[in-house]
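To keep things clear, I will list the structure first and then write my remarks on it.
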Amino acid sequence: MIVGILKEQNDPRVALVPIGAKKISGLGAEIWIESGAGDQSYLSDASYQDVATIKPRNEIISTADMIISIKPGGDEVLSAMKSGATVISMFAPYNDDTVVENLKKYPVNAFSMDMIPRTTLAQSMDVLSSMASVAGYKSVLKALEHLPRYMPMMITAAGSIKPSKVLVLGAGVAGLQAIATARRLGAMVEAFDTRAAAKEEVKSLGAKFVEIEGAADDTAAGGYAVEQSEAFLKKQRALVQERAAQADIIITTAQVRGRKAPLLVPQETLDKMKPGSVVVDLAASSGGNCANSKQGEVVEYNGVKIIGDSDLAAGMPQDSSTLFSNNVCNYLAIMIKEGKLDLDMDNQIIRESLISSK
Amino acid sequence: MIVGILKEQNDPRVALVPIGAKKISGLGAEIWIESGAGDQSYLSDASYQDVATIKPRNEIISTADMIISIKPGGDEVLSAMKSGATVISMFAPYNDDTVVENLKKYPVNAFSMDMIPRTTLAQSMDVLSSMASVAGYKSVLKALEHLPRYMPMMITAAGSIKPSKVLVLGAGVAGLQAIATARRLGAMVEAFDTRAAAKEEVKSLGAKFVEIEGAADDTAAGGYAVEQSEAFLKKQRALVQERAAQADIIITTAQVRGRKAPLLVPQETLDKMKPGSVVVDLAASSGGNCANSKQGEVVEYNGVKIIGDSDLAAGMPQDSSTLFSNNVCNYLAIMIKEGKLDLDMDNQIIRESLISSK
Amino acid sequence: MEVVETIESSFLVNLLYLLGAVAFVWGLRLLSSPDTARKGNTYAAIGMGLAIIGALIEPVQNGGNNNYGWIAGGMIAGALIGFPAAKKIKMTAMPQMVSVFNGLGGACAMVLAIVELFQNQGTTMGLGQAAIVYFTLLIGAVSFTGSLLAFAKLDGRIKDKHVTFKGHSILNNILLLVVIGFMVFLMINGGTQGMIIGFLIVSLIYGFSFVAPIGGADMPVVISLLNSFTGLSAAAAGLIFGNQLMLVGGILVGASGTILTVLMCEAMNRSLFNVLIGGFGGGAVAAASDDGKVAKTANASDVAIQLFYSQSVMFVPGYGLAVAQAQKVVKELDDILEANGVDVKYAIHPVAGRMPGHMNVLLAEADVPYPKLLDLEDANSALPNTDLVVIVGANDVVNPAALDEPGSPIYGMPVLNVWEAKNVVVLKRSMSPGYAGIQNPLFFHDKTKMLFGDAKVSIQALVAEVKNL
Amino acid sequence: MEVVETIESSFLVNLLYLLGAVAFVWGLRLLSSPDTARKGNTYAAIGMGLAIIGALIEPVQNGGNNNYGWIAGGMIAGALIGFPAAKKIKMTAMPQMVSVFNGLGGACAMVLAIVELFQNQGTTMGLGQAAIVYFTLLIGAVSFTGSLLAFAKLDGRIKDKHVTFKGHSILNNILLLVVIGFMVFLMINGGTQGMIIGFLIVSLIYGFSFVAPIGGADMPVVISLLNSFTGLSAAAAGLIFGNQLMLVGGILVGASGTILTVLMCEAMNRSLFNVLIGGFGGGAVAAASDDGKVAKTANASDVAIQLFYSQSVMFVPGYGLAVAQAQKVVKELDDILEANGVDVKYAIHPVAGRMPGHMNVLLAEADVPYPKLLDLEDANSALPNTDLVVIVGANDVVNPAALDEPGSPIYGMPVLNVWEAKNVVVLKRSMSPGYAGIQNPLFFHDKTKMLFGDAKVSIQALVAEVKNL
Amino acid sequence: MDTIVQFFNGNLLLIYLLIFTVILGFEVISKVPTVLHTPLMSGANAISGVVIVGAILLIRQSDPTDYFSLSLGLIGIILGMINVAGGFTVTDRMLEMFKKKKAKS
Amino acid sequence: MDTIVQFFNGNLLLIYLLIFTVILGFEVISKVPTVLHTPLMSGANAISGVVIVGAILLIRQSDPTDYFSLSLGLIGIILGMINVAGGFTVTDRMLEMFKKKKAKS
Ligand SMILES: NC(=O)c1ccc[n+]([C@@H]2O[C@H](COP(=O)([O-])OP(=O)(O)OC[C@H]3O[C@@H](n4cnc5c(N)ncnc54)[C@H](OP(=O)(O)O)[C@@H]3O)[C@@H](O)[C@H]2O)c1
Ligand SMILES: NC(=O)c1ccc[n+]([C@@H]2O[C@H](COP(=O)([O-])OP(=O)(O)OC[C@H]3O[C@@H](n4cnc5c(N)ncnc54)[C@H](OP(=O)(O)O)[C@@H]3O)[C@@H](O)[C@H]2O)c1
Ligand SMILES: NC(=O)c1ccc[n+]([C@@H]2O[C@H](COP(=O)([O-])OP(=O)(O)OC[C@H]3O[C@@H](n4cnc5c(N)ncnc54)[C@H](O)[C@@H]3O)[C@@H](O)[C@H]2O)c1
Ligand SMILES: NC(=O)c1ccc[n+]([C@@H]2O[C@H](COP(=O)([O-])OP(=O)(O)OC[C@H]3O[C@@H](n4cnc5c(N)ncnc54)[C@H](O)[C@@H]3O)[C@@H](O)[C@H]2O)c1
């Protein structure tokens, strides 16, 4: 069985690093890799020498039994693949209904790693988590590239600098990592999320949760979030806007799977922000949490820089590749037995991640 | 007395921020400022309205009794100034013998703020310290922009990431700040400096000091580094090379006033570094501590990115401007009495910073 | 000549007794600090040796009979029973053993009182004398049966429910009145042999009934109380025999036993009254698994001593560490332990906490050096050689169900095999489950003890206790 | 009738004495813990009241004379002198005062012994009796002159050098032999009035000479020792008067005074022997400025108590905090103080440390909340209302020379005006200067005390001491 | 009342001694760390075995033919001796774990 | 030797009492924090003023015309009373600063 790794077209990462290739070989598969696939992750062809075979792109596409990539390959790849071959990537079918439809056109089995259920067991293959974690970390660094101010407090002979205020909206994996990173650098961090558990999680990182009194009691609900009154939600939105206006940095990560991202920083909030402040919008590609944000661009509005980037993990290609590759290895470990694809359709992970089969 | 502030030509900072302008007005001077001078520091003309007068550039140059800037103005400015006017800037005469000669051509009194002696008393005017501090902080962020790896340790479901190793060469103001910043982000930090006091200072930030025996004694040099013997430098280069081969990030800040910066990371050291590693050379403008480094450029050599930037303070213009402006205010406070320039030539600070007088 | 000899020998005896008394005091004093406790026990034992020698040579009435044979026989027999019993008993069963010993001491006093009463049968005792003898009998008897019942309960031979019933405390109060009334009557009127035996029986019953309603978990407190009773009976017997050492020693035990009882109650956050009223381990956190297994609880000082005397300790931080923000106190505890030669490591499970690297962030904040952090693999290979694992608010990541319960939602997830270490202590607030929402069989494991409470508070308590050592 | 009355009243007296004795013991016990010390003093005072009442109504030989007038006069006179003296004395002069009081107590015992000797003039005392009386005289007299000299030294009225000379300890040993020889002679042979007075004088001289070579800084230890002497003389006087309370009270003071003396020596890291041999404040860190001013040193427990009982504390961190890496222990101390209602702030001087923001980095690492950090301006306006400033390894930034010594290289630099606070404690390792290399007059300021040692170690000691309170 | 008064006055020193012993008993224990509760209880229990002294004296005072007293005394000695011998031994074993250290620091 | 033996046997309880008092004196003090050294010393000093009892008894026993005893006794009472009154007062003042708290926690 031949597993093929192509050079990503619009991404510096690579889906399998040499250590990963070694592991997959261990499962009995042969690894073919396109020349230069790892270059931008600082993994030279030479580093793959012992564990994979360098092959031309076309040959890989047409010969491999399985092709793994981070960004899904286009028609160029899918149409040239063997019938019955397997393709593994992050198709994000929940964001775009046409994805699955389109895949059905090709005689391949397509697995989407972002469809792996987020069960305890699947955590080691959870690419959403590992990439979100990188993105959260990177989001703070990205903000600091553009912030014209210090983040930590500084009392110096040339004057005292107040610590930056950071507001994190959406305290999922990326949000929590952003909180932790900003706290490390001495910022005053506040965060907000609608999930009930988020409050404790935010506090567990030493940050403040933006909260107003009068939340409906959820003790009876056994930890599940209860619906809050509309008055409460309104008050809360108002408070978040108030905190946002004070912030030097806002990092937004709020996403609702399969829907457009909620607008958390509307124009009128941007209007109130100090010039020189920075917004990093990790939800830019799914509509954006911040008004004006554009995926992949830095927009300046009223002195506020709005960085739309849902692909921040790509900004740290070496470790991102390693983590992705580890996820892939753990995933393949439940798919490949003795060099053969051996799918256990009772396995929830496999079942839910298979989005199109021949 | 009119104090003029021009828009810097190649720098986003501004020499006087509104708060500073207010203080100088308090000394009895009138402030004229060029339109847009503060723009890139997110200080609009409007914010200067109450404390300064917006004037056209030419008028300021020809009318002001004193012109303050961060980067020295060229012939355009100096030649058009009133005779007997004062110009305050960072001329860095120690790096370039022609500076003073050139200034003598104009009928102005030139004060160089980077010549202010580094006495305890002068610390509040010490622009070298305040800007180096910003640069040190920023150097770590700059390195992280380019580092394809995590800085902190991460044990995650997708694998364990080792903490980055950071080597700081030259533990002066900038170096110490870099150490502190990298430590905050969870890096393993080592540092080296030839000054005897540096070891304790490095340890006082919780970092490790790379020790080499036989450094020349500098107790008599008043805080500045002295030149070291060639044998010593060789031994040091050897050890640095060894540590560098391990490092993910090297930050070099070593400078010897009035001389070319020592070469601490030569080509053969670069050869041994891991691809994807980053060198930030703060001494780039005075020759560079790292082979291949070019001021203002990011050079890639053998997979190692070398960032030559002696001007990192400019990358954080708002706070840098504020700090510089505070330094300026403290400086002017000893020069201006009741709206008049009143120079006390017994004052060491004034005496030593006056580099050319009509 | 004869007179002088008597005086001389009684001087020696008095000196022996005096030294014995001082040895008792000093022994108890040293016993109350960990560093010196062993020495204290030895001193007290030496005091006892002096006391016995004194008793053997003290000039007595009817001097000359002595009956040393009987004495030697009794002592040898007692020693032959006592020593091996104490040597063989398992560490965990020691409190029971102490209880038995205590009961026997009480029985000894009881026997002495019986003999005294029977010998004085017919002659009239002074009221004071009578009060002392009956008191000895009563207290000795109560201590005897009470201690034996305490033993049986602690040893699991008798279940609480077998020996008590609703309204037991009313019965006890009635019994107490009966006993005291009986005693006063006997003191004033003297008693026939039958009445004395009757009084004896009532006393024995009262001892049993007194202990019966008290929960098994509270037994150590009761034993301590009964121990101070035995001390009092020894003191009273000392008055009977006009022996100052018995008096002093008994009073000493009575006083320190009483205060110790109070301290033990305080340590359990309960009042003595509360304990005596009973209610089967009332305050203790009862925690049973579905199949009726019970999680053992520990207290901070037990854990502290285990920590202090371990060679290697592994902390397993989890989400609870983050919630409690206990990272800095954990580091403090680590520092103290390291300073005392304990090897401290941290086992970091890849998904501990709620975000990737959660534990890393916290432990870096607390300045825990990187080399101390072991990842899953390294930790699992180090665990079998670890003396004590301290789980700080982790749950799912140490759940053995992941390995051996195919039905479990976490089956197949690699976990930290903490049960391979010699001992496990779990710090959490309750028995509630972690993120995965499933019960954790580890908590009911033989090697595991639970230390309930907020992790930061618990660790702070451990720090305080370890500093005490 | 008369007999019964005597018995009854002596029962009352005995009971008073017994209660008095228990009050003394309990008082002392309570005195040894800060929380209860005041109550302890009250208990002891009540005990004293009971004792005096007992003494006033105790049935005595020659009963009926009583001479209550004399007694009342004496007591009123004594109270009129003692109360106001104790009320008016300045806090700092209290140890001297105690010394004087102690000397007077010794003198009282001495007087009693003299009267006893003079009254028994001619009659032969038993050897034991004689030993007791002479012992009382000797000890009382030594305590008297010794205490007065201690007072004079502590009060600065007599300088060490005025009263001692090389080889003084040889003189003392000779004197001691003379005194003891004299005493034994008198005990065995009895003495004339002249000889008794001679003995008295030698005893007084010995007391003076005994204290003379001991350094002024060691006086508290000596006072404590003399205090236990006074206790012993009171006990001996108790034997003379057959009074059990005097005996018990005296012995109690004797014993606790002795152990206290030892503890005081230990706290100074010296042996009692070392102290008694003298050598003028031998172990203490002597630190004098150019103009001969001396920096006062503090110990951790003094500082701890000041911290604990302050309303507001300001830490001033400097480069020494960074060198010692003491930031986390400072935070720990802060936490404990805050928990006890102390308002804790940090004064951050702009150039403290060795790089801009040095203190910020460290304190952020220790998680000190930003609002607790005051910059120069805020700190200087808060300082006058601050009870205690703790300077942790800062030096130049708190140097008043910057304000008032125009010649100083730092003249003109704004500094933290810590001397405007009520008290200042400086934590550093030695008297060596900071970065600027200049001496700091702050260290010799009236309000300032130095706590020498590595800052981390010192703060750790403070944490331990404060936890004790 | 008279009896009590007489007893009190007659046994003054004894009463002092008892009271002081009680205080001493309290005092000596009052600061014991919780870890030592059980060993201390055990040690105190062993000391309460001093009642064996009474049994010894009983037998020594008894007539060699007074088998009632002798045999009860014998029982007393055996019981007491078990308490003493076992008590001190078990205490010592409990305290074994305090053997080690304090190391370093 | 005989005297000592007789004294010992005759005053056994007294000796017990004295020894226990000494132990109690040690015990009660042995854990005092350093901050309390001076107040404790002061308090103990005040207690040693119990010697005034002797002075009172002396005067009460004296013949009203025995001016020698009376005046020396008077001196004794004055001295002792100064010690007692001043001693307790000064101790109390020293302890004033311990008045406050423990607050919060
Ligand atoms: N790391 C990740 O990226 C990530 C992300 C999402 C989910 N998860 C999941 O999170 C779980 C992590 O496992 P874990 O062992 O770290 O945590 P866990 O299984 O969630 O257990 C945490 C335990 O800490 C205790 N606790 C909470 N607050 C406490 C406090 N203040 N003091 C003491 N104990 C406290 C709780 O018990 P009491 O309530 O009884 O105190 C709870 O049982 C895994 O199931 C993992 O799959 C991980
Ligand atoms: N902040 C900046 O940017 C900067 C840069 C360069 C220079 N400076 C200069 O540095 C000085 C800063 O003032 P500062 O008050 O912070 O420091 P400082 O004046 O240098 O004094 C530090 C004091 O800390 C004590 N110390 C050192 N290690 C210690 C330890 N382990 N434990 C306890 N004490 C210790 C030293 O006394 P012992 O040796 O007796 O212990 C020393 O006197 C100023 O003169 C400033 O001008 C500042
Ligand atoms: N297997 C596992 O145990 C596992 C693995 C990964 C994640 N998770 C859980 O899943 C959660 C979601 O993870 P994610 O980061 O992928 O989520 P996500 O990227 O889908 O969303 C990010 C966050 O935005 C929040 N959000 C949505 N709408 C919002 C609004 N209007 N305002 C504010 N916040 C809003 C969400 O609650 C979420 O926390 C995590 O917090 C984690 O606890 C579990
Ligand atoms: N007034 C004051 O008290 C004051 C103010 C500012 C700075 N200073 C002191 O002056 C010192 C120098 O400050 P700076 O940051 O401006 O210095 P700098 O920028 O001139 O040099 C940076 C550092 O490089 C070091 N260096 C030089 N050659 C080296 C070599 N071959 N190898 C390694 N390191 C080398 C120097 O020792 C110095 O520490 C500071 O450390 C500080 O202590 C004092």
Side-chain angles (χ1 to χ4, degrees), chain C residues 24 28-29 31-32 34 37-38 41 44-45 51 55 60-62 65-67 70-71 74-75 77-79 81-83 85-86 97-98 101-102 104-105 107-109 111-112 115 224 227 230-231 234 237 241 246 248-249 251-253 255-257 259-260 264 267 301 305 309 339-341 468, chain E residues 18 21-22 24-26 28-30 32-45 47-51 53-61 64 69-70 72 74-92 94-95 97-98 100-105:
Chain C
F24 285 168
L28 267 185
R29 186 206 139 98
L31 264 167
S32 65
R38 252 188 142 196
N41 189 48
V60 291
Q61 300 153 292
N62 315 344
N65 289 333
N66 278 338
N67 304 306
W70 289 82
I71 295 173
M75 286 181 66
I81 301 172
F83 274 127
M97 187 92 282
V98 173
F101 290 153
N102 183 51
L104 300 186
C108 178
V111 167
L112 295 184
V115 174
S224 176
N227 180 29
T230 312
F241 288 91
M246 286 170 75
V248 168
I251 291 286
L252 208 54
V253 171
S256 54
I259 201 84
L260 180 59
M264 286 168 104
S301 64
I305 210 133
Y309 292 99
N340 285 291
N468 256 340
Chain E
L18 289 187
T21 308
V22 168
L24 203 47
F26 283 5
V28 139
I29 296 305
S30 61
V32 63
T34 29
V35 286
L36 280 177
H37 282 174
T38 309
L40 187 59
M41 175 177 87
S42 179
N45 164 59
I47 293 177
S48 74
V50 74
V51 72
V53 164
I56 293 174
L57 294 178
L58 171 66
I59 293 194
R60 287 185 60 211
Q61 286 168 15
S69 296
L70 282 176
L72 277 186
L74 180 68
I75 294 177
I77 284 194
I78 295 176
L79 295 175
M81 195 62 196
I82 295 177
N83 188 0
V84 167
F88 284 113
T89 312
V90 86
T91 311
D92 194 61
M94 283 185 198
L95 292 171
M97 66 166 150
F98 291 91
K100 181 189 155 194
K101 347 194 190 179
K102 307 202 156 186
K104 287 193 205 176
S105 90

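Just so it is clear: chains get the letters A, B, ... in the order the sequence lines come, proteins before strands, and each one is counted from 1. All values below were derived from every heavy atom in this structure, side-chain atoms included, with hydrogens, water molecules and symmetry-related copies excluded. Every value quoted in this text rests on a predicted model; they were computed, and no experiment measured them.
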How long is the gap from [atom1] on [X] to [atom2] on [Y], to the nearest 0.5 Å?
{"X": "E/Leu18", "Y": "E/Leu24", "atom1": "CG", "atom2": "CG", "answer": "12.5 Å"}
{"X": "E/Phe26", "Y": "C/Leu260", "atom1": "CZ", "atom2": "CG", "answer": "11.5 Å"}
{"X": "E/Asn45", "Y": "E/Phe88", "atom1": "CG", "atom2": "CZ", "answer": "9.0 Å"}
{"X": "E/Leu74", "Y": "E/Leu79", "atom1": "CG", "atom2": "CG", "answer": "9.5 Å"}

Who wins among [options] for the most heavy-atom pairs under 4.5 Å with chain E?
{"options": "C/Thr230, C/Ile71, C/Val248", "answer": "C/Ile71"}
{"options": "C/Ala107, C/Ala45, C/Ala237, C/Ala37", "answer": "C/Ala45"}
{"options": "C/Ile305, C/Asn41, C/Asn102, C/Leu112", "answer": "C/Asn41"}
{"options": "C/Ala85, C/Ala44, C/Ala51", "answer": "C/Ala44"}

Backbone N/O of [Y] and side chain of [X]: donor-acceptor pair under 3.5 Å:
{"X": "C/Asn227", "Y": "C/Gly257", "answer": "no"}
{"X": "E/Ser42", "Y": "E/Thr38", "answer": "no"}
{"X": "C/Ser32", "Y": "E/Val28", "answer": "yes"}

task = Under 4.5 Å heavy-atom distance to chain E, tell me which part of C/Met75 shows up: side chain, backbone, both or neither.
result =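 Answer is both: backbone and side chain atoms of C/Met75 are under 4.5 Å from chain E.
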query = Which answer fits C/Ala79, side chain, backbone, both or neither, if we ask what part of it has an atom under 4.5 Å from a heavy atom of chain E?
reply =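 For C/Ala79, heavy atoms of backbone and side chain both lie under 4.5 Å from chain E.
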task = Can you tell which part of E/Ile47 gets under 4.5 Å to a heavy atom of chain C, answering side chain, backbone, both or neither?
result =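 Both backbone and side chain of E/Ile47 come within 4.5 Å of chain C.
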query = Given that the side chain runs from C-beta out, which part of E/Val84 has a heavy atom under 4.5 Å from chain C: side chain, backbone, both or neither?
reply =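 For E/Val84, side-chain heavy atoms alone lie under 4.5 Å from chain C.
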Most heavy-atom pairs under 4.5 angstrom with chain C, which of [options]?
{"options": "E/Gly54, E/Gly76, E/Gly87", "answer": "E/Gly54"}
{"options": "E/Gly43, E/Ala55, E/Pro39", "answer": "E/Ala55"}
{"options": "E/Ile75, E/Leu70, E/Leu58, E/Thr89", "answer": "E/Leu70"}

ask   = Any side-chain heavy atom of E/Ile78 within less than 4.5 Å of one from C/Ile81?
value =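 In contact.
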